[in-house]
Amino acid sequence: MEKNLFENAREAVNRLTQNRGGKHNATSQEDMKAAKQAIQSAYSQCSQEEKQQLQQLEQEVEAHHNNFQ
């Protein structure tokens, strides 16, 4: 069974946030961009409950981004 867009978004955010110990480099920039794109894609095919979870994932991405500025 193919993964849905919601699962892809959650995995993308996990990859991004698990890179906390490393430098804020090109890879983490790419991971951040991928996470944001995955979240936006998931909005089109998710339930109301999943939308709330996606909003939380967006907050995690922003918090991660702010920690490196």
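One-based numbering along the sequence shown.
- We find the OG1-CG distance between Thr17 and Asp31 to be 10.0 Å, quoted to the nearest 0.5 Å.
- With respect to Lys36, the salt bridge (charged side-chain N to carboxylate O under 4.0 Å, His left out) criterion is satisfied by exactly one of Glu58, Glu60, Glu62: Glu62.
- Closest heavy-atom contact between Leu16 and Met32: CD1-N, 3.7 Å.
- The minimum heavy-atom distance linking Leu5 with Ser44 is given by the pair CD1-OG, 4.3 Å.
- With respect to the salt-bridge test (charged N to carboxylate O, under 4.0 angstrom), the residues Glu7 and Arg10 qualify.
- Minimum interatomic distance between Glu50 and Ser47 (heavy atoms only, all atoms of both residues): OE1-N, 3.0 Å.
- Residue Val61 comes nearest to Val13 through the heavy atom pair CG2-CG2, 3.8 Å, listed as atom of the first residue, atom of the second, then distance.
- Two residues are said to be in side-chain contact when any heavy atoms from C-beta on lie closer than 4.5 Å; Asn8 and Ser41 fail this criterion.
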